[in-house]
Amino acid sequence: IAQKSAKGYALYELSFDKHTPLRLTLMSELRRAIEKNDLALFYQPKVSIQTNELYGAEALARWNHPTHGFIAPDEFIPMAERTRMIKQLTQWVLKRAFRDCATWHEQGIDIKISVNLSTRDLHDPDLPDLIAGIAAATGIKPEWIILEITESAVMNEPENALAIINRLHDMGYQFSIDDFGTGYSSLAYLKRLPLAELKIDKSFVMDLMNSENDVAIVKAIINLAHNLGLYVTAEGVETNAILEKLKEYNCDIAQGYYLSKPLPVTEFNNWVKKSKA
Ligand code: C2E
Ligand code: CA
Ligand code: CA
Ligand code: CA
C-alpha cells in the first residue's frame, strides 16, 4: 500500500468540480468499484484510556483506484453524497463491517465497531430495515455496533433524521456524535438525540500541548458529555503526551496514529494479538 501522505494513503489533488467530466467518470467508476468489491474497509483501534484495553474500532472506507491509487474518503464521500451514490456505498460498508464484526465476535474478540453514516443516510426511510436485514444475514447483535452521525447531518431536516435515529436506537443500535464542536452545533439537539458516545474532533485534540484554548475546549466537552451520561472518545491522538493529558482530564477512549493508524483486517488482527501479548 502506498503511503504518501500523513493520512496513510496518497491524496490526489483532483478538483471535483460539480460539472467536470472527470467527476462523472469517477462516479461511474465508484459504482463499478462497489459492484466489483474494489473498495476496502480499514479499521482504526479505539483504546480505553484508563485500562489500556481495546474498546473497539472505527470502520473507514478506502478506494483503491486502478489509475489514481488510493483516493481519500474526504474526496469521494462528499461526491457520493451529492450524486446519491452514498446509499450503495453505505450499504457496502455496513455489509462488510457487520461481517467482519461477526467474525471477530466468533473469535472471542469482544469489540464494538463504529460505522459512519452520512447526511443522506439519515434521511433515508429504508435505512432501519436495510440495517436489520444486514444484521440478520451476518448474525451481529445491535449492541456491537456504534453508528456515527454528525451534528450537521442531523440539523438538516432534524425531525426526519430523529425519527430514523430513534427507530435504530429502539432496535438496540448505539449512536455517537462525530466531529463534535465543528458543526452548526446546537446543544438543543444534543439533548434530544439518544447518544451513547461523543467524539471530540481531532482539530481540538492535535494541538492540545500548545493551545490553552484547546485545553479549555477539550475539558469542557468531556465534562459536558459526562454530565449528559455519555462516554467520550478523543480522535487524532498522535503522541503519548496528548494521551497522558487526556487521561488526566478523564477522557474515556482514545483513537489516533499514536495508538494505530487505520489498518486492513489482517493487520488489525495482528495489532490485536500484539496488544494482548
Ligand atoms: P472521521 O469520521 O472524522 O474519521 C477520522 C479520520 O481521522 C480518518 O480519516 C482517520 O484516518 C483520521 N485519523 C485518525 N487518527 C488520526 C490522527 O492521529 N491524526 C490525524 N491527522 N488523522 C487521524 P479518513 O479515514 O481519511 O476519513 C476521513 C473522513 O471520511 C471520515 O472522518 C469520515 O467523515 C469519512 N468517512 C470515512 N469512511 C467513511 C464511510 O465508510 N462512510 C462515510 N459516510 N464516511 C466515511
Ligand atoms: Ca467518524
Ligand atoms: Ca471524526
Ligand atoms: Ca472528520
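Position 1 is the first residue of the sequence; numbering continues from there. Whatever order the structure lists ligands and atoms in, that order sets their numbers, starting from 1.
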task: Please work out which of Ile77, Val205, Leu39 has its closest non-hydrogen atom nearest to atom 36 (N) of ligand 1.
output: Ile77

- request: Could you check Gln255, Lys199, Glu197 and say which one makes a side-chain hydrogen bond (donor to acceptor under 3.5 Å, both in side chains) with Thr233?
  value: Glu197

field: Shortest heavy-atom approach to atom 23 (C) of ligand 1 - which of Tyr257, Trp92, Trp63
entry: Tyr257

message: Are Leu224 and Leu190 packed together at the side-chain level, in the sense that at least one heavy-atom pair is separated by less than 4.5 angstrom?
response: yes

message: So if I count the atoms of ligand 1 from 1 in the order they appear, which ones are less than 4.0 Å from some heavy atom of Asp74?
response: 28 (C), 29 (C), 30 (O)

message: Using a 4.0 Å cutoff against the non-hydrogen atoms of Met206, which atoms of ligand 1 qualify?
response: 21 (N)

task: Step by step, work out the side-chain hydrogen bond (donor to acceptor under 3.5 Å, both in side chains) result for Asp121 and Thr90.
output: CA-CA 8 Å; Asp121 298 323; Thr90 299; 2.8 Å; yes

statement: Among Thr182, Asn116, Leu89, Ile242, the residue with a heavy atom nearest to atom 33 (C) of ligand 1 is Asn116

query: Any idea which atoms of ligand 1 are less than 4.0 Å away from a heavy-atom of Ser118?
result: 44 (N)

statement: Of Asn250, Val237, Leu246, Asp252, the one forming a side chain to side chain contact (heavy atoms under 4.5 Å, CB included) with Ile49 is Leu246

- line: So the atoms of ligand 1 within less than 4.0 Å of a heavy atom of Val93 turn out to be 41 (O)

Nearest non-hydrogen partners of Thr138 and Ala102, listed with the distance: O-CB, 3.3 Å

Any Ala72 heavy atom less than 4.0 Å from ligand 1: no

message: Whether Glu159 and Arg192 form a salt bridge (side-chain N of Lys/Arg under 4.0 Å from carboxylate O of Asp/Glu) is what I want to check.
response: yes

task: Just go through Glu81, Glu238, Glu235, Lys202 and tell me whose heavy atom is the nearest to atom 6 (C) of ligand 1.
output: Lys202

task: Output yes when the distance from some N or O of ligand 1 to some N or O of Glu148 is under 3.5 Å, and no in every other case.
output: no

- prompt: In terms of side-chain geometry, is the basic nitrogen of Glu244 or Lys247 positioned less than 4.0 Å from the acidic oxygen of its partner?
  reply: no

statement: Between Pro78 and Pro73 the two heavy atoms that sit nearest each other are CD-O, 3.5 Å

Over all atoms of both residues, closest heavy-atom pair of Arg31 and Met85: CA-CE, 3.2 Å

task: Check each atom of ligand 1 against the heavy atoms of Pro262 and keep those under 4.0 Å away; list them by number with element.
output: 11 (O)

query: Going by distance only, is there an N or O of Ile86 that falls short of 3.5 Å from an N or O of ligand 1?
result: no

- prompt: Counting heavy atoms only, which of Ser114, Pro73, Ala59 is nearest atom 37 (C) of ligand 1?
  reply: Pro73

message: Give the atom numbers and elements of ligand 1 that come within less than 4.0 Å of a heavy atom of Glu58.
response: 2 (O), 4 (O)

query: What is the minimum heavy-atom distance between Pro194 and Phe175, and which atoms define it?
result: O-CB, 3.8 Å

- prompt: Where does Val115 meet ligand 1, judged by heavy-atom distances below 4.0 Å: at the side chain, the backbone, both, or neither?
  reply: neither

- request: Go through ligand 1 atom by atom and flag the ones less than 4.0 Å from a non-hydrogen atom of Arg62.
  value: 11 (O), 24 (P), 25 (O)

task: Would you mind telling me if ligand 1 is within reach of the side chain of Gln255, the backbone, both or neither, using heavy atoms under 4.0 Å?
output: neither

- request: May I ask you to check if ligand 1 and Tyr258 share an N or O to N or O distance below 3.5 Å?
  value: no

- prompt: Can you tell me how far OG1 of Thr239 sits from CE of Met209, rounded to the nearest 0.5 angstrom?
  reply: 6.5 Å

task: For the Ca ion (ligand 2), report each protein N, O or S atom nearer than 3.0 Å, sorted by chain and then by residue number.
output: Glu58 OE2, Asn116 OD1, Glu148 OE1, Asp178 OD2

task: Identify the two heavy atoms, one from Met171 and one from Pro128, that lie closest to each other, and give their separation to 0.1 Å.
output: CE-O, 3.5 Å

- request: Might you confirm whether atom CD of Gln107 has over 12 heavy atoms from other residues, nucleotides or ligands at distances under 6.0 Å?
  value: yes

message: Heavy atoms only: which of Asp178, Leu41, Thr150, Asp179 lies closest to atom 2 (O) of ligand 1?
response: Asp178

message: If I take atom CD1 from residue Ile222 and atom CG from residue Leu230, how far apart are they, to the nearest 0.5 angstrom?
response: 12.5 Å

Which segment of Ala61 sits under 4.0 Å of ligand 1 when only heavy atoms are counted: both

- line: So the ring pair (Phe, Tyr, Trp, His ring centres under 6.0 Å) pairs with at least one residue in residues 77-123 (sequence neighbours excluded) are Tyr43-Trp104, Trp104-Phe268, His105-Trp144

query: For ligand 1, which part of Leu60 has a heavy atom less than 4.0 Å away: the side chain, the backbone, both, or neither?
result: both

task: Could you see which bit of Lys261 sits under 4.0 Å from ligand 1, with heavy atoms only: side chain, backbone, both or neither?
output: neither

Interfacing atoms of ligand 1 (cut-off 4.0 Å, heavy-atom, Gln44): 14 (C), 15 (N)

Heavy-atom closest contact (Val218 atom, Phe204 atom, distance): CG2-O, 3.6 Å

field: Cation-pi geometry met for Arg62 and Phe70 (6.0 Å, 45°)
entry: no

